[in-house]
Q: 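Next up is a structure, given as structure tokens.
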Amino acid sequence: DVKVTQSSRYLVKRTGEKVFLECVQDMDHENMFWYRQDPGLGLRLIYFSYDVKMKEKGDIPEGYSVSREKKERFSLILESASTNQTSMYLCASSFLQGAFYEQYFGPGTRLTVT
Amino acid sequence: GDSVTQMEGPVTLSEEAFLTINCTYTATGYPSLFWYVQYPGEGLQLLLKATKADDKGSNKGFEATYRKETTSFHLEKGSVQVSDSAVYFCALSDRASKIIFGSGTRLSIRP
């Protein structure tokens, strides 16, 4: 079974802190993604990566950065956390399954910024 | 750009009721369509998929048919169970590996 793990299920940080969210996948997938999930807004893509050291902005990259130094690990960084970044953060990885890419998700990290 | 619109929730049904969750999409190409499900406390998992027009995806008693003429991919189940309580996301993928998700529909089933 594909496994995508995230470093924390719950996290509480203060405004202005630098926050690191870690994601690891164990299936050698090329693609990895970070989303945030907010009620009524669904999932919004923050950043994604097609390969090691490669990253592309998603729909809402402002206030975030990412790092992918190894294929299995994709980190999301909040340079200076703000209260409007309180959300559920979901990591995913994907591979080509015939005609489409199937995404596998981690359990999520619920981040609260106070 | 590409987008997905699904019916607002929450949806509350009694056990064994018939379920429909509506989903329509806008895309310039020929996307693959998906339904993902998120059970409480978990990440999303793929429920079913359809990669071309008139395909029917099915899994765990759920079905959805890719209707190009109406740009729709409605999710249906003939008899829901309490264990089906979850949030359901309609999604599309038009290129590469990016997926665009709808806003999600929360489903609650009463015993």
Side-chain angles (χ1 to χ4, degrees), chain A residues 1-10 21 23-25 29-51 54-61 74 87-110, chain B residues 1-11 21 23-27 29-55 57 59 64 66 73 86-106:
Chain A
D1 271 356
V2 174
K3 197 157 188 178
V4 180
T5 57
Q6 296 183 227
S7 49
S8 305
R9 294 298 299 269
Y10 300 93
L21 302 182
C23 175
V24 177
Q25 51 98 359
H29 289 172
E30 298 289 337
N31 310 312
M32 296 189 75
F33 306 81
W34 275 106
Y35 298 89
R36 62 177 284 176
Q37 180 181 6
D38 300 288
L41 298 177
L43 274 70
R44 292 180 291 168
L45 182 63
I46 304 171
Y47 268 96
F48 60 103
S49 169
Y50 290 136
D51 202 350
M54 178 275 174
K55 61 187 178 186
E56 286 196 30
K57 293 180 180 179
D59 301 316
I60 51 163
F74 192 35
S87 186
M88 172 71 87
Y89 290 87
L90 292 169
C91 175
S93 68
S94 77
F95 75 108
L96 187 59
Q97 170 96 301
F100 71 98
Y101 284 88
E102 180 169 345
Q103 290 204 359
Y104 291 84
F105 285 82
T109 296
R110 184 166 295 282
Chain B
D2 296 353
S3 66
V4 175
T5 303
Q6 61 182 103
M7 65 188 285
E8 298 266 339
V11 174
I21 300 178
C23 172
T24 57
Y25 68 90
T26 302
Y30 300 95
S32 295
L33 301 175
F34 310 92
W35 277 98
Y36 278 81
V37 59
Q38 184 180 32
Y39 297 105
E42 299 182 12
L44 279 70
Q45 54 186 273
L46 180 64
L47 179 61
L48 53 83
K49 66 186 182 295
T51 57
K52 61 182 187 297
D54 299 323
D55 268 1
N59 186 23
Y66 189 142
F73 193 55
V87 182
Y88 293 81
F89 292 89
C90 186
L92 70 82
S93 177
D94 197 20
R95 66 183 191 281
S97 65
K98 288 178 65 176
I99 295 182
I100 295 168
F101 290 88
S103 57
T105 302
R106 183 173 298 277

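In what follows, every chain begins at residue 1, and chains take the letters A, B, ... in the order their sequences are listed. These values consider heavy atoms only, across backbone and side chains, with no hydrogens, waters or symmetry-generated copies.
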Q: To the closest 0.5 Å, what do you measure between OG (B:Ser103) and CD (A:Gln37)?
A: 10.5 Å

Q: Give the minimum heavy-atom separation between A:Leu43 and B:Phe101, together with the two atoms involved.
A: CB-CD1, 4.0 Å

Q: Do you know which two heavy atoms are closest between A:Tyr35 and B:Ile99, and how far apart they sit?
A: OH-O, 4.1 Å

Q: Of the backbone (N, CA, C, O) and the side chain (C-beta and beyond), which part of B:Lys52 lies under 4.5 Å from a heavy atom of chain A, both, or neither?
A: neither

Q: Quick one: pull up CD in B:Gln38 and CE in A:Met88 and give me the separation to the nearest 0.5 Å.
A: 6.5 Å

Q: Is the number of heavy atoms from other residues, nucleotides or ligands under 6.0 Å of B:Glu8 CD greater than 12?
A: no

Q: Which heavy atom in B:Lys98 sits nearest to a heavy atom in A:Phe33, and how many Å separate them?
A: CA-CE2, 4.4 Å

Q: Verify the neighbour count for atom OH of B:Tyr39: are there more than 12 heavy atoms of other residues, nucleotides or ligands below 6.0 Å?
A: yes

Q: Name the region of A:Leu41, side chain, backbone, both or neither, that has any atom closer than 4.5 Å to a heavy atom of chain B.
A: backbone

Q: Is there a donor-acceptor pair closer than 3.5 Å between any side-chain N or O of A:Arg9 and the backbone N or O of B:Gly41?
A: yes

Q: Does a sphere of radius 6.0 Å around CZ in B:Arg106 hold more than 12 heavy atoms from other residues, nucleotides or ligands, not counting ones at 6.0 Å or beyond?
A: no

Q: Which bit of B:Leu46 comes within less than 4.5 Å of chain A, counting heavy atoms only: side chain, backbone, both or neither?
A: side chain

